[in-house]
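In what follows, a single structure is set out as structure tokens and then discussed.
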Amino acid sequence: MNQEGIRDRLVSKFGEDVVSDATMFRDQLCVTVTKDKIREICRFLRDEPDLAFNFLSFVGAVDNYPRTPRFEVVYQLNSLRHNHRFRIKVRVEEAEGGLGSVDSVVDVWPTADWHERETAEMYGITFNDHPDPRKLLLPEHWTVFPLRKDFPLEGTDDTPDLPPQTN
Amino acid sequence: MAIERHLNDTVHVTNLEWFVNWSRKSSMWPLGFGLACCALEMIAAFVSRYDLARFGMEVARPSPRHADLMIVSGTASKKMIPAVRRIYEQMAEPRWVIAMGACACTGGIYKNYAVVQGIDRHLPVDVYIPGCPPRPEALLDGILQLHAKVMKEQSIRNPRVTRVKVAGE
Ligand code: SF4
């Protein structure tokens, strides 16, 4: 199925409001969907026989600082059965005094587990109901989110070489 | 060397310290340990074309307790540092460290939050080998420099004691 067809299937299932934005770039359609529905949308895309997105290539995020909403979480889908691909995004607001959040899709594609853990630690986005919300790559004792645009590349006092107790 | 001639050249007389140094440098066993891309050049130096065995170094020890030399070959990420320090602490004295490559010397091209800006922030480095990556010849040269350094050590009169560095040193 071509990408417009996939978008139309989404709209006919969830209604016009679900697709808040769609951009076409180099023949690739990128659809922004509403955040609350992400889990249902993913399950729909996986389970419909003519869509059959049985493989989640990756989950990542984009920091659009200083624009709001600040973050976008990107899901790149692939159907091994039909050999078609599709990209969806959700917008995540930077929450006041906390972290923005979006529902985890680990129960749809188990491979999302590590992708979401990396996205969470790098951008400071919480994935609700994630089964194992630990850090993946960064040292446990860091409290910073290094892939945010306002984080200095060379690090801060909050990125020490060693955990405090072994100093 | 009158005594040698007296015994018909059946013995060699030497200085004990020289002898200890010579034994140390002639069988300096490296730790089998690589951190990043430089490790591949180190591996190339081990195998037949460059043949570290010529210097008594062919036995890379998988256990730090058997090793004399740590070749820090590559990028030391901050998450790796507690493990690297621990491995170094497990090595028996006397122990030496070679910082191989730009990353181990200074952080190299990675001037960022995740990479230690030079392994000498944590370990007492004996020889620095520049290059990204250094060729096996450069590693061999660094090792020969280290051998020369070992031959000058006061191994009996003033045995070396090395420690991991603590923060702020
Ligand atoms: S110095 Fe170059 S080759 Fe060596 S670890 Fe660093 S980036 Fe890799």
Side-chain angles (χ1 to χ4, degrees), chain A residues 58-66 70-74 92 94 99-100 113-127 130 132-167, chain B residues 33-39 64 70-91 95 97-125 128 132 162-169:
Chain A
F58 67 84
V59 180
V62 182
D63 182 3
N64 289 314
Y65 182 79
R70 180 165 173 180
F71 301 106
E72 286 173 322
V73 178
V74 187
V92 180
E94 184 175 24
L99 301 178
D113 186 344
W114 284 17
H115 293 270
E116 289 184 350
R117 276 169 69 187
E118 185 179 5
T119 308
E121 67 181 352
M122 291 293 183
Y123 293 91
I125 296 170
T126 306
F127 287 85
H130 191 286
D132 184 20
R134 290 173 301 151
K135 286 180 190 280
L136 178 64
L137 301 169
L138 298 181
E140 284 301 326
H141 56 282
W142 287 10
T143 51
V144 294
F145 306 114
L147 287 192
R148 287 188 173 189
K149 284 280 193 299
D150 56 354
F151 181 81
L153 177 64
E154 291 175 17
T156 66
D157 290 344
D158 291 326
T159 56
D161 288 12
L162 292 170
Q165 63 277 17
T166 60
N167 262 350
Chain B
F33 160 83
L35 290 179
C37 7
C38 275
M70 178 186 254
I71 301 176
V72 183
S73 52
T75 322
S77 67
K78 289 185 181 174
K79 198 168 174 188
M80 182 65 98
I81 277 298
V84 173
R85 289 171 64 109
R86 183 121 176 248
I87 291 172
Y88 181 81
E89 280 168 347
Q90 291 177 13
M91 290 167 62
R95 53 195 170 182
V97 178
I98 287 181
M100 175 181 183
C103 286
C105 294
T106 65
I109 55 176
Y110 305 106
K111 189 161 174 56
N112 68 23
Y113 63 90
V115 171
V116 177
Q117 302 297 304
I119 194 67
D120 54 3
R121 294 187 177 203
H122 296 280
L123 307 180
V125 174
Y128 296 82
C132 179
T162 49
R163 292 278 173 267
V164 291
K165 299 187 181 175
V166 294
E169 226 176 56

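In what follows, every chain begins at residue 1, and chains take the letters A, B, ... in the order their sequences are listed. Here the structure is a predicted model, which is why all the values come from computation and not from measurement.
Side-chain contact between A:Leu153 and B:Lys111 is absent, with no heavy atoms from C-beta onward closer than 4.5 Å. Looking only at side-chain heavy atoms (C-beta outward), A:Asp161 and B:His122 come within less than 4.5 Å of each other.
Looking at B:Lys78, its side chain never comes within 3.5 Å of a backbone N or O of A:Pro160 through a donor-acceptor pair.
The two residues B:Tyr113 and A:Leu147 make their nearest non-hydrogen contact at OH-CD2, 4.2 Å. Scanning all heavy atoms of the two residues, the minimum distance from A:Leu162 to B:Arg85 falls at CD1-NH1, 3.5 Å.
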